[in-house]
Amino acid sequence: MGVDTKMPQRQRVSFKKDEMFASHFLKEAASSSKFASKIEPKRRYDILYGNLNRLPKKVRFFVEENAKVCQPDAIHICDGSDKEKELLYYMLQRDGAIKPLRKYENCWLATTDPADVARVESRTFISTEEKHDTVPRIKDGVKGTLANWMSPEDMETALDSRFPGCMRGRTMYVIPFSMGPVGSPLSKIGIEITDSAYVVASMKIMTRMGQNVLDTLKDGDFIKCLHSVGQPVTGTAPTGSKYAWPCNPKDVLVAHLPERNEICSYGSGYGGNSLLGKKCFALRIGSILARREGWLAEHMLIMGVENPQGEKKYFAAAFPSACGKTNLAMMEPSLPGYKVTCVGDDIAWMRFDKNGQLRAINPEAGFFGVAPGTSMKTNPNAMRTIQKNTVFTNVGATSDGGVYWEGMDEEMPDNVSTTSWLGVEDWRKETGKPAAHPNSRFCTPADQCPIIDDQWESPEGVPIEGIIFGGRRPEGVPLVYESFDWNHGVFLGAALKSEATAAAEHKGKVVMHDPFAMRPFFGYNFGHYLDHWLSFQDNDKLKLPKVFHVNWFRKGPSGFLWPGFGENSRVLDWIFRRVNGEDCAMKSAVGLVPTPDSIDLSGLKDKVDMEELFRLPKDFWKMEVEELNKYFEEQVGEDLPAKIRQELKKLEQRVESDL
Ligand code: SAT
Ligand code: MN
């Protein structure tokens, strides 16, 4: 991977391990009913690992209740220890679910059933008594795109037709996990029950998990997370997936029951469908808790920026997918003297402290990043992070024990061949099929990132001084601008759009709405979400951060107008100076834009057409206003806050008079 790797390690199933875990496997064998009749309802299960009696009462009740329904053969209560980790990887390897990657240190490759490769939005629901707690009141006949609601009755039916008996022949794992540093006042605890050892291994990377979480929880409340791959082992004809990746794609359901603090996910083992701490808890349920308790759960990276004078500020930034969010979070600034550090690459939980300062934690402990496109050029720090203790899913594998994906930008030696994620040996580019699935991922511990911020686990969080929204906008939208005030900043988040690959039937790319980069992740009515954001304006004790919009992706006749990547530090420098109150901005129709020459272009190799980068075409912005109006009307309807409507009206007037 273009960086030093250690000597290849031997990672084989070893006989010694069988002895080491002998007592475990004896218990497993005794409890295994693979060959027993499955018609009789099961009344007992064995405790393979851990002690049910030592669980806090509420946790034990949650586990026993679900064991009764799901009927696993055995239960494993995770303690988060190294020994447990070794056992899990050993079993996953034994079962053919993962393979060691001998080129790196303790790295593994999992490949999924090709029908289970991404989040399934159409099967993701939020169930509340009141429909309008979840989705905006919009006109009949319009298909809403801001959250899917299901009635509690339908939800009950959907759950009842899936979960009973779903873990037969399998082990039920109990994962106590903390979103955020264990014990931080900003953190929250969840218990995930799952029948996937892959999920346990991934949760160990992505969250703080284990006994210390239970010790902190005591008799407190937690978010109840239930997950099953939906493929019981019946001992008769094989059911479900024919791959070493159990799943049940036709019955996938990702259900959120906020009124019961519950998440129930069925049928998929992949990413956000199964690692329930991430999008389900930290964003959907998180946003509901945040509104209730007066804070913010957002789909934002958190980065530290230090200027050449040694002054440091933290920013949170929201980008829709395919905008290089992880790249920005780990950027290597090209501007001399600047330093960027990473607190998080995906999610920010933010709360105003008693001095009115907004503070953020990264609720996660790892990165679940898209592999394709990640290279020493686009994200060297990610490449350095994933050299050890990383689980790769659906990437290509090289014959020298490494990984490969599109955009890795690496010459492959002649004697090295690649096996594609679908298992095609000696894969060739010329086939036109990718070696790695476009949504293939690395799952890697955050503390391995060479530029991880020294405060990234600070229990009180890092002070946020600016919020940045960004999208992939090929036309009309300037490189950077600042909102006039807080309400205008909230409007910028609401109006966020980005170019994305549309569903197959459209072909090609279209600019799509993704308000706050949260479109698939809102836990409640987007109109109420906007009210919540706007409400901070009314509290004059709060130091509201400045809000910015950036666009690295504007195009001219010969491609991108801005070089991007490390050069984005020039924009961060301007934002930094604006936060410090420097007089380097001027009014425009869309917001405050940099005064001429206030963006530092010194040392930039190629000439940049700044005039074109900041041009505001009247026709474009008239259309933008019209289109936003239509979107808000159709998708948010009467729930759109008056203040957002006013901001749109003001933009319309400025476009008319100033452009
Ligand atoms: O699979 S995840 O939900 O974790 C990542 C994503 O699809 O955004
Ligand atoms: Mn994300």
Side-chain angles (χ1 to χ4, degrees), residues 110 112-113 115-124 147 177 179 190 192 194 196 198-199 201-203 205-207 225 227 229 245 247 249 252 254-256 263 265 267-287 297-303 316-330 342-349 362-374 379 382 391-395 436-444 446 469-472 496 498 500-501 512 514-523:
T112 71
D113 184 319
D116 188 19
V117 292
R119 279 184 295 104
V120 192
E121 271 176 36
S122 59
R123 303 290 191 89
T124 300
F177 65 98
M179 296 313 287
E192 177 161 348
T194 178
S196 160
Y198 167 88
V199 167
S202 306
M203 287 291 282
I205 297 172
M206 294 305 297
T207 71
C225 307
H227 168 251
V229 293
W245 176 270
C247 60
V252 167
V254 183
H256 304 73
I263 300 162
S265 170
S268 165
Y270 202 84
N273 300 332
S274 67
L275 315 179
L276 301 186
K278 199 174 179 55
K279 310 296 189 183
C280 297
F281 180 167
L283 289 179
R284 296 195 192 94
I285 297 291
S287 63
E298 300 300 329
H299 191 207
M300 292 181 181
L301 65 83
I302 309 166
M303 71 195 303
F319 292 83
S321 54
C323 287
K325 188 168 152 202
T326 300
N327 297 350
L328 180 65
M330 300 181 195
C342 175
V343 178
D345 79 326
D346 197 36
I347 299 175
W349 280 2
N362 170 10
E364 302 190 279
F367 308 122
F368 189 66
V370 175
T374 308
N379 195 340
V391 178
F392 297 89
T393 303
N394 286 346
V395 302
H437 185 278
N439 191 38
S440 57
R441 301 277 171 157
F442 52 77
C443 178
T444 193
F469 294 110
R472 189 180 268 271
L496 197 59
S498 194
T501 311
M512 301 211 268
D514 192 350
F516 289 78
M518 282 282 283
R519 190 193 48 74
F521 308 121
F522 290 116

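This one's a predicted model, so the numbers in the text were calculated from it and none came from an experiment. Quick note: numbers below take in every heavy atom, side chains included, and nothing from hydrogens, waters or symmetry partners. Whatever order the structure lists them in is the order used to number ligands and atoms, beginning at 1. Along the sequence shown, the residues carry numbers beginning at 1.
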Query raised in the report: Is the Mn ion (ligand 2) less than 2.8 Å from an N/O/S atom of I347, whether that atom is in the backbone or a side chain?
Result: no

**Report entry** Atoms of ligand 1 close to G271 [distance to a heavy atom under 4.0 angstrom, numbered from 1]
**Finding:** 1 (O)

Query raised in the report: Do H227 and I263 have side-chain heavy atoms sitting under 4.5 Å apart?
Result: no

Query raised in the report: What's the spacing between L496 CG and C323 SG if we round to 0.5 Å?
Result: 8.0 Å

Query - Aromatic plane relationship, W349 with F281 - under 30° parallel, 30 to 60° tilted, over 60° perpendicular - result: tilted

**Report entry** Angle in degrees, rounded to 10°, that NZ of K279 and NE2 of H299 form at the Mn ion (ligand 2)
**Finding:** 90°

Requested in this report: Flag the pair T326 / F367 as yes when at least one side-chain heavy-atom distance between them is below 4.5 Å, and no otherwise.
Outcome: no

Report task. State the atoms of ligand 1, each with its element, that fall below the 4.0 Å cut-off from a heavy-atom position in K278. Result -> 4 (O)

Requested in this report: Could you tell me whether the side chain of S196 reaches within less than 4.5 Å of the side chain of S274, counting heavy atoms only?
Outcome: no

Query raised in the report: What residue and atom, counting heavy atoms only, is the protein's closest point to atom 2 (S) of ligand 1, and at what distance?
Result: G272 N, 3.4 Å

Query raised in the report: Got E298 and I347 here, is their nearest side-chain heavy-atom distance under 4.5 Å?
Result: no

Requested in this report: Could you say whether the N/O atoms of F368 and ligand 1 ever approach to under 3.5 Å?
Outcome: no

Query raised in the report: What are the atoms of ligand 1, with element, lying closer than 4.0 Å to any heavy atom of R441?
Result: 5 (C), 6 (C), 7 (O)

Query raised in the report: Just distances here: any N/O of R119 and N/O of ligand 1 closer than 3.5 Å?
Result: yes

Query - Of all N/O/S atoms in D346, the name of the one nearest the Mn ion (ligand 2) - result: OD1

**Report entry** Pair E121 + R519, salt bridge at N-O below 4.0 Å
**Finding:** yes

